[in-house]
Amino acid sequence: MTPPRPLGKAARASRSRTKDGVTFDPALDDHALATVRDALARGRWTEARQLLARTGDDWDRRGHRLVVLAEGPSSLAWAREWQLAEPDSPDAAALLACATVFRAVSGKESPDAARAACLVAARMAPTDPSPWLAVLILARRTGTDDERVRAFDQVRARHRDHHHAHHLMAACLAEHQDGDRDDPLHEVYDFASWAAEQAPADSPLAVLPVVAHAERYRVLARAGLEPRDPARSGHWTSRRARQVMKAAFDWWLEWDTDENGGSGEHDENGGAAPGSAHPRRKVDLNYLAHAKLHEGRLAEAAALLTRIGPHATPEPWSYPDRDAGPAFQDARRAALGSA
């Protein structure tokens, strides 16, 4: 049975626009992905098939695209339609798995059914880390620590520098809290430092220690161990924190990719175009700009916010429980002097 077509405005449901006019679009600056996401919401799954085929084994880009496509409210229905038409398609199985995970996370599907769909997709494409990324997303919300670690290990066995998986593990580890203070030797800091050190020189995992720092602030502030207003927190001004922020900013200065890359363009062989930037680099820039702002380095924050442009992300501006739109606009005003 063909699922009902959504109303036209549902095609834009994945974009969250705040009352301040900030649009949080998980597609970031991947314009091809945004176009296909909107087509999928209207039932045109063949365009998703073409996009994923072009993406090939660019695993970070494939994971990013699958996650964004799967988050739509009608994505599960259309993924099922695609799989019925092409039951042997690993791409259809991967999209179905990811979409089932998001439904399970929202309480609309069984976690067991979601995990089963992920395992089916994993068997159909044994080298693809994306089904295991979906398992990790599921375990992040519904699983145990051991399940999260096993899923992360499966992702890393297939792509050792997987960006999204490392971010998820940093968020999970940051939530381990012993005592009534922040421990400078906390496991999330060790994990992030280890990941940054073992990654290639040009890997955006160099920014993971900054991500870990923000995730710890989220946990500490929600526990009442840090001020709930990050501007009043000294979390970003300790000696260790400043070292982490400087190393990440220096990495950005050296390795930042030209803005013409990263738009989702591909060469004639279906791979990423020469000079193409990492598909999730804007996520890192939001974390780094947030850190530099609260470190008091307004000129550096301004440079980062300029490069972010309209591609704001809810995290970490929403930490610990703020309205991300006004928080991002306040950051722009503080660093750039205008909204």
Side-chain angles (χ1 to χ4, degrees), residues 16-20 22-26 71 105-107 136-137 139-143 145 148 164 166-193 207-242 244-245 248 280 282-298 300-301 304-305 308 311-335 339:
S16 173
R17 183 178 295 276
T18 73
K19 61 185 178 182
D20 287 60
V22 179
T23 300
F24 294 114
D25 187 345
E71 286 180 312
V105 166
S106 66
L136 180 55
I137 292 170
R140 168 85 176 91
R141 299 300 180 191
T142 68
D145 285 343
R148 293 163 193 147
H164 195 168
H166 280 82
H167 274 236
L168 288 168
M169 277 306 295
C172 292
L173 292 174
E175 292 169 0
H176 296 170
Q177 178 62 28
D178 294 321
D180 59 357
R181 62 184 179 86
D182 188 21
D183 181 356
L185 301 179
H186 192 280
E187 62 188 302
V188 73
Y189 299 140
D190 286 344
F191 168 76
S193 295
V207 184
L208 194 66
V210 176
V211 175
H213 213 73
E215 297 298 343
R216 275 300 286 160
Y217 168 73
R218 169 179 59 85
V219 174
L220 292 166
R222 288 180 179 175
L225 303 177
E226 283 283 351
R228 300 186 81 83
D229 180 356
R232 295 178 50 239
S233 172
H235 190 66
W236 287 271
T237 57
S238 69
R239 183 172 179 272
R240 181 195 171 281
R242 288 184 183 277
V244 165
M245 308 316 160
R280 283 170 45 90
K282 297 292 188 182
V283 175
D284 291 314
L285 293 188
N286 275 266
Y287 274 93
L288 189 51
H290 178 267
K292 283 296 179 181
L293 178 75
H294 296 303
E295 186 190 2
R297 309 281 292 195
L298 295 186
E300 294 172 358
L304 291 157
L305 287 162
I308 288 168
H311 304 294
T313 58
E315 298 80 18
W317 304 106
S318 61
Y319 290 170
D321 52 11
R322 310 176 76 205
D323 188 330
F328 181 74
Q329 294 287 46
D330 288 347
R332 286 183 57 84
R333 280 189 286 269

How far apart are the closest heavy atoms of [X] and [Y], and which atoms are they?
| X | Y | result |
| --- | --- | --- |
| W317 | A331 | CZ3-CB, 3.5 Å |
| A174 | V219 | O-CG2, 3.4 Å |
| V210 | Y287 | CG1-O, 3.7 Å |
| I308 | A289 | CD1-CB, 3.9 Å |
| R218 | A171 | NH2-O, 3.4 Å |
| V283 | H167 | CG1-CE1, 3.8 Å |

[X] versus [Y]: any side-chain heavy-atom pair under 4.5 Å?
| X | Y | value |
| --- | --- | --- |
| D178 | D183 | no |
| H311 | D25 | no |
| D182 | L225 | no |
| R280 | D284 | no |
| C172 | R140 | yes |
| F191 | H166 | yes |
| P184 | Y189 | no |

Test item: [X] side-chain N/O and [Y] main-chain N/O as donor-acceptor pair under 3.5 Å:
| X | Y | value |
| --- | --- | --- |
| S318 | D321 | no |
| S193 | D190 | no |
| R148 | G143 | yes |
| N286 | T313 | yes |

Point to revise | Residue pair E300, M245: steps toward the side-chain contact (heavy atoms from CB on, under 4.5 Å) verdict | key: CA-CA 11 Å; E300 294 172 358; M245 308 316 160; over 6 Å; no
Review point. Do you know which of H186, R222, R216 makes side chain to side chain donor-acceptor pair (under 3.5 Å) with Q177?
Key: R216
Check your understanding: So which of H290, E215, R228 actually passes side chain to side chain donor-acceptor pair (under 3.5 Å) with Y319?
Key -> E215
Exercise for review: Decide, yes or no, whether a salt bridge links D229 with R232 under the criterion of side-chain N to carboxylate O below 4.0 Å.
Suggested key: no
To the closest 0.5 Å, what do you measure between [atom1] ([X]) and [atom2] ([Y])?
| X | Y | atom1 | atom2 | value |
| --- | --- | --- | --- | --- |
| L293 | F328 | CG | CZ | 10.5 Å |
| L288 | R297 | CG | CZ | 11.5 Å |
| R332 | L305 | CZ | CG | 6.5 Å |

Check your understanding: Relative to the ring of W236, is the ring of Y217 parallel (under 30°), tilted (30 to 60°) or perpendicular (over 60°)?
Key ->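 Tilted.
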Exercise for review: Compute whether any side-chain donor of one residue and acceptor of the other, for D145 and H176, lie under 3.5 angstrom apart.
Suggested key: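 Distance-only check passes for D145 and H176.
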Point to revise | H235 and H294 aromatic centres sub-6.0 Å | key: no
